[in-house]
Each structure stands twice: as structure tokens, then as C-alpha cells.
> 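The structure follows.
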Amino acid sequence: MFSAVQPSRRTFLVGAGRFAAASALTSVTPFPAIAEPRPHRIAASALKDLAGAVQGGVVLPDDPFFDDYARPNNLRFRTLPTAIARCASETDVQACVAWVRKHGARFAVRSGGHNYAGFSTTPGLLIDMTPLSTITPLPGGDGLVKVGGGALNGMVYQALERLNRTVTHGRCTTVGAAGFLLGGGIGFNMRMFGMGSDLLQATSIVTADGALHADIQDSGDGSDLFWACRGGAGGNFGINTSFTLRTFPVETVTFFDITWTTDVGEVLHTLLTRLADAPPEFGSKINITKPARGSGDPRLTVSILGQLHKCSTTVEAIIGPVLEKASKTRIDRDIAYWPAQDLLNEFTYPYFYQEKSSYMRAADITPESVATMIRLAERMPGTSMANAFKFFQVGGKVNATAADATAYVHRGYDWLFSSEVNWWNRKDPKSLVDENLAWQERFYTAVNTATKAMGAFQNFPDPSLKDWSDAYYGGNYGRLRRVKTAYDKDDLFTYRQGIKPL
Ligand SMILES: Cc1cc2nc3c(=O)[nH]c(=O)nc-3n(C[C@H](O)[C@H](O)[C@H](O)COP(=O)(O)OP(=O)(O)OC[C@H]3O[C@@H](n4cnc5c(N)ncnc54)[C@H](O)[C@@H]3O)c2cc1C
């Protein structure tokens, strides 16, 4: 959606000397020391400097499209930046890093803007990566595809569809590939191929000193930095300008979407325990949905959505007898892969939300723990929007990688649990939102205790999480801090739950 909108000429500052400025900036020595961060007052002369250096242009608040560029997915964190630099090249990215150091300006890096906790918002300079969105199959025929550091997932899917290939990908086309991959990346294919970050073969990244580390891989000098980019989350080590991914040929799949309105506790317990033994070709997400307040029927429903790649069994056999209790069953066999994704895709407009997540093993999920979830969920005050708690099915190939082999530490689990509170500011008073958030804390604690759930998904960052470093990174946090110290000891790339140098 970003690429379709061009800013106006009036505020799209492009300085006359941009080519000279840009080429000078590819040199990284001497590099400006980091000035003291200043609040979001950026001098007009500094903005002119920036415009002279960034070929992709600088967008200012009086541009008609400024608000659209600036809007994050979670409207709770809608801070307007002072200016937006649109990076169209690696040189532009280097220019932005040099500029924020020189001026001590606050900044944030953004691709899709879908960070749950507002970590890609800033009152200073927003470094918008979306113009860097080229997607190129690499020569050699082994299925490697290079994705620009600002590409949105929908662009990646279109390119892969043309190539008849796929990766582990999500359902939302407006999520950025950068945030998705750097924080792990979950999707219906992960049990077959591994996490999105497991498919990362190489990445290019501009670090705090302005150096471009091109196509670093899992060997040689850059290996620690590469290791950190596979699950260490965006915004920590530098600005990634490209990602090289392993891809896989597509085949037809079976799509399924099944809903239960009765016996929800029994159905949920059966699904959570039985499906852990499903083959890796089976990818699913279970939702327990609480309808919007005042919608008439307050009952919870259970639904499962997903796909089964070709294998020796069927969706019916995997789900088992509980299927007979379903109130709605849709199972479509042999659908071409990418048209099936159209059925699985979700599209959401920005709104207000908070998510809390953790990881569970099926062996720890008992009828009693599920009864606790249902009982508490029935007592959720609710908002003007539907709310849900969800289980993303992990396992399979996700667990074939050791917890310390990449920065993504959460291996050995069957389910990624997530509880959401969604609201709309004009319909849900603050007191009701607070009541729901307090309920969510109690629910999260009770569910984690009842199921021995641990950790939290770094790609679903939770601003209220106190022990976030342990929850997101577990035993990998120490190594991540060492990498951070090696590449950004002054903590230029910083945010509230960012990895801190030693
Ligand atoms: C509607 C919705 C659906 C989602 N679906 C899925 C899903 O199916 N699977 C899944 O795994 N996750 C999913 N997520 C979570 C999503 O993957 C993460 O929020 C992800 O980090 C968002 O990436 P982004 O580029 O859109 O976000 P941004 O907010 O732009 O960036 C996320 C973080 O990465 C940093 N960053 C951005 N670009 C770069 C870059 N080029 N280099 C370095 N750092 C960068 C930002 O500063 C920020 O800290 C979903 C989120 C939403 C809101």
C-alpha cells in the first residue's frame, strides 16, 4: 500500500547536491560521534542536509500523505514523526545513520509498521524502508530469493507466486518482511520448513558505524551478527537492507476452516493434545473467540484454520471424532497453493490492541487447565470488538533446530499461545479498556501457571512484560548482548525492550 502513494513535490525535499552527498556517505571513516539525543526539534538546516543525502526523499508533515506514511498498525502508539526519510538504496540507509549520529536525533526504523508495541514509532526521524522492496530470484536455480529490506510480505508472496515457490510466511500482506524475519516469523508452513528466520541464508545490514555488511552468512567473520539477525528482533543491530531466503516449490494443499459452538472446553482440549502428533505437513491456528460486547450472543466459539500439504493422511483423520461436533466445516482439497493463501490471508486496518504470548507443550495441557482458560475467558469484560485467545501450532521442523543455533530460542514446544485485547478508542471508554487489560494480566498469569507455559514471542512484543529479555531470548540473551556490544556499543539503535550492550 505504501508504494502506491507518492508524496507531493512540495514537501518532498531532494537537495541539489544529493549525488555528491550520497557518494561521500558510502565512506564510513571518519564517522560522526553520536551527539546527545535531543527531543524532537530538528532544525530546518538539518532537514535540508538530510534531503540532500537521501535520494528516496524526505517527507514533511504538511505533505498530504504524511499521515498515511506515519500511521503504525497499532494506533495506541501513533506518535507523529518530525520527518520521514524514504530509503531507496543502501546509500540512503547509510546517509540516515550518519545523519542521526551527527544531529543526535531520535529515530526509528520502519518497514511494515506492524510492531505491536510501537517500537517503530518516533517523534524524531522515521526511517522508512519501504521503497527498498525489490525481490530478485538469484541465479543458480537453487531457489534462493533476495528480498529488499523494506518489502512488505504481500510483495514477497506475489513474487514467489510467479516463481511457483514458497517460504514460511504469515497471513497479513502488509506486515514487513524485515520485522517478520528478524523476529522469527511464524506461519502455516513452519512445521514443514522451520521458522521464517530459519530460512534466512544471508542478510545485508548497515550497522551503527555506518558500515554496510553485505550478504553476511552463517560462517566467517559476520557469523555472530548473522546469528543475531535470525530471531534477535528488528531494530537492535542495525538496518537490514536485504534478506536472502531459501524457498520451496509449491504443490496443492487442503484448506480447512472449522468452527465449534458447543462443548468448547472439550473440543479445545482435544485439539491441543491430539494435534501435537499431526504430521509436519499440517499447519494450523486455533482461535477461541469472544464476540463483541452487546452483539447478542456472548458465547465463546472455537475454530481452527489452516492447511495440509500433500501427505499420507487427511484433515478428517488428523482432527478425529471431534469433527462431528462442529457447527461449520469447510475442507477444500487440492487447491493450488497461492489461491489457497487467498483463503487464509487476513487483512486488518489499524486499530488499538495489546497481545500477550507464551509457549506451551501439549503434555502440560490438561482438561483442568483448559477449563480454567474457558472459565476466565467467559468472564472477560469485552469491548466493542471481538477478542480472542489463540494457539499457533509450532512443533515439527521448528523444533529440529537447537535453541542456541540461531537467536530464536523457543524450540521444543507444541503451541504458541496468545491473548489479545482489541478496542476502538471512540467506542470503548478508557475505564473499560483498563478493565480488559487487567483481566488480560490475570488470564495470562493463570493460563501460564496452569499449563507451565514459558517465554514470549519477540515478534508479538508486549509493552507490559517485565522480564522481557528472558521471555523473548532466554539463554540466548547473553550472546545477543555481546553481539550488540560488538556492533553498537553506544546503543544507537535503542528502544524500550531493545537488546542492551554490556
Ligand atoms: C495484523 C498482523 C498480523 C501479523 N501476522 C503475523 C504472522 O502471521 N506471523 C508472524 O510471525 N508475525 C505476524 N505478525 C507480527 C509481525 O511479524 C511483527 O510485528 C513484525 O515485527 C512486524 O514487522 P514490520 O516490518 O511490519 O514492522 P515494523 O514495525 O516496521 O518493524 C518491526 C521492528 O523491526 C524494526 N525494523 C523494521 N524494518 C527494519 C529493517 N529493515 N532492519 C532492521 N530493523 C527493522 C523496527 O524498528 C521494529 O523494531 C503480525 C502482526 C500484525 C499487526
> Taking all non-hydrogen atoms of both residues into account, name the closest pair between L416 and S357 and its distance.
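Nearest pair, atom of L416 first, then S357: CD1-CB, 4.0 Å.
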> Determine yes or no for a side-chain-to-main-chain donor-acceptor pair under 3.5 angstrom, with R191 supplying the side chain and V394 the backbone.
yes
> Hey, what's the ring geometry for Y359 with Y413, parallel, tilted or perpendicular (30° and 60° as the breaks)?
tilted
> After noting the C-alpha distance and the side-chain angles of F493 and F107, does the key distance pass the ring pair (Phe, Tyr, Trp, His ring centres under 6.0 Å) rule?
CA-CA 9 Å; F493 294 97; F107 72 99; 5.6 Å; yes
> Do you know which of N448, T445, D462 makes side chain to side chain donor-acceptor pair (under 3.5 Å) with K356?
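So the option named by the test is D462.
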> Among L212, I205, T91, which one satisfies side chain to side chain contact (heavy atoms under 4.5 Å, CB included) with T241?
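Single side chain to side chain contact (heavy atoms under 4.5 Å, CB included) partner of T241 among L212, I205, T91: L212.
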> Check whether the side chains of T247 and R165 place a donor and an acceptor atom closer than 3.5 Å, and report yes or no.
yes
> Just how far is it from atom CZ of R171 to atom CD1 of I186, taken to the nearest 0.5 Å?
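One gets 10.0 Å once the value is rounded to the nearest 0.5 Å.
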> Parallel, tilted or perpendicular: which fits the ring planes of F248 and F193, with parallel below 30° and perpendicular above 60°?
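Answer is parallel, since the angle falls under 30°.
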> Could you report the tightest heavy-atom contact between P61 and T82, atom names first, then the distance?
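Looks like CD-O, 3.4 Å.
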> Side-chain donor-acceptor pair under 3.5 Å between T121 and R76, yes or no?
no
> Identify all side-chain donor-acceptor contacts of residues 149-158 below 3.5 Å with residues at least two apart in sequence or on another chain.
| unit_1 | atom_1 | unit_2 | atom_2 | d |
| --- | --- | --- | --- | --- |
| Y157 | OH | G170 | N | 3.1 |
| Y157 | OH | G170 | O | 3.2 |

> Is a donor on one side and an acceptor on the other found under 3.5 Å between the side chain of N422 and the backbone of N387?
no
> Check step by step if side chain to side chain contact (heavy atoms under 4.5 Å, CB included) holds for L465 and Y444.
CA-CA 11 Å; L465 202 58; Y444 182 67; 4.2 Å; yes
> Given V167 and V145, is the side chain to side chain contact (heavy atoms under 4.5 Å, CB included) satisfied, shown in steps?
CA-CA 10 Å; V167 288; V145 172; over 6 Å; no
> Which is it for F460 and F392 under the ring pair (Phe, Tyr, Trp, His ring centres under 6.0 Å) test, yes or no, and what are the steps along the way?
CA-CA 12 Å; F460 294 172; F392 300 85; 5.6 Å; yes
> Which word best sums up how the rings of F443 and F417 line up, parallel for under 30°, tilted for 30 to 60°, or perpendicular for over 60°?
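Taking F417 first and then F443, their aromatic rings sit tilted (interplane angle of 30° to 60°).
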> Treating R230 as the side-chain partner and Y408 as the backbone partner, does any N or O pair qualify as donor plus acceptor under 3.5 Å?
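No; judged by distance alone, with no hydrogens or angles, the pair does not exist.
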> Aromatic rings Y353 and Y351: how do their planes relate, parallel, tilted or perpendicular, breaks at 30° and 60°?
tilted
> Taking only Lys NZ, Arg NE, NH1 and NH2, and the carboxylate oxygens of Asp or Glu, determine whether R101 and D209 approach each other closer than 4.0 Å.
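A salt bridge is absent here (no side-chain N lies under 4.0 Å from a carboxylate O).
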> Do Q55 and S89 have a side chain donor and acceptor closer than 3.5 Å?
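Their side chains do not contain a donor-acceptor pair, so the 3.5 Å distance test is not met.
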> Judged by modelled atom types alone, do D428 and S384 share a side-chain donor-acceptor pair under 3.5 Å?
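Their side chains do contain a donor-acceptor pair, which is all the 3.5 Å distance test asks for.
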> Using 0.5 Å steps for rounding, measure from the OG atom of S197 to the CD atom of Q458.
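One gets 8.0 Å once the value is rounded to the nearest 0.5 Å.
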> Indicate the ring-plane relationship of H103 and W99, choosing parallel, tilted or perpendicular according to the 30° and 60° boundaries.
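Ring orientation of H103 relative to W99: tilted.
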> Nearest heavy-atom pair of C172 and H114: which atoms, and what distance?
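Closest heavy-atom pair between C172 and H114: SG-NE2, 3.8 Å.
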> Of L225, T203, V206, which meets side chain to side chain contact (heavy atoms under 4.5 Å, CB included) against H213?
L225
> As an exercise, state the distance from OG1 of T244 to CG of D215, rounded to the nearest 0.5 Å.
5.0 Å
> For the pair D128 (side chain) and T130 (backbone), establish whether a donor and an acceptor sit closer than 3.5 Å, ignoring hydrogens and angles.
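Yes.
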> If only atom types and distance count, is the side chain of K489 paired as donor or acceptor with the main-chain N or O of Y487 below 3.5 Å?
no
> For Y116 versus N74, what's the shortest heavy-atom pair and its separation?
O-ND2, 2.8 Å
> Just by distance, do the side chain of Q94 and the backbone of G210 share a donor-acceptor pair under 3.5 Å?
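Yes, the answer is positive, given that a donor and an acceptor are paired below the 3.5 Å cut-off.
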> Q440 and S419: which non-hydrogen atoms are nearest, and at how many Å?
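Reported closest heavy-atom pair: NE2-O, 2.9 Å.
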> Mind checking the OG1-CD spacing from T174 to E346? Nearest 0.5 Å is all I need.
8.5 Å
> Nearest 0.5 angstrom please: L163 CG to T166 OG1, how far?
11.0 Å
> Look only at the side chain of R71 and the backbone of G113, and say whether a donor-acceptor pair between them is shorter than 3.5 Å.
no
> Check A178 against S111 and note the closest heavy-atom contact, atom names and distance.
CB-OG, 3.5 Å
> Decide side chain to side chain contact (heavy atoms under 4.5 Å, CB included) for K397 and M190; before the verdict, give the C-alpha distance in whole Å, the side-chain angles of both, and the deciding distance to 0.1 Å.
CA-CA 7 Å; K397 195 75 183 285; M190 67 184 146; over 6 Å; no
> Quick one: list whatever passes salt bridge (Lys or Arg N to Asp or Glu O under 4.0 Å) with R442, sequence neighbours left out.
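Partners of R442 by the salt bridge (Lys or Arg N to Asp or Glu O under 4.0 Å) criterion come out as none, since no residue qualifies.
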> Report the distance from atom NZ of K285 to atom OG of S418, rounding to the nearest 0.5 Å.
8.0 Å
> Quick one: salt bridge (Lys or Arg N to Asp or Glu O under 4.0 Å) partners of E355, sequence neighbours excluded?
K390
> Ignoring hydrogens and geometry, is there a side-chain-to-backbone donor-acceptor pair from D470 to D467 under 3.5 Å?
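No, because the side chain of D470 does not come within donor-acceptor range (under 3.5 Å) of the backbone of D467.
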> Identify whether the distance between the nearest side-chain nitrogen and carboxylate oxygen of R246 and D198 falls below 4.0 Å.
no
> Return the orientation label for the F389 and F391 ring planes: parallel under 30°, perpendicular over 60°, tilted otherwise.
perpendicular
> For the pair Y477 and K500, evaluate side chain to side chain contact (heavy atoms under 4.5 Å, CB included) and give the outcome as yes or no after the intermediate values.
CA-CA 10 Å; Y477 190 59; K500 306 290 177 267; 4.0 Å; yes
> Any side-chain donor-acceptor pair under 3.5 Å between Y495 and N115?
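No - no donor-acceptor pair under 3.5 Å links their side chains.
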> Are K102 and D49 ion-paired here, with the side-chain N under 4.0 Å from a carboxylate O?
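Yes.
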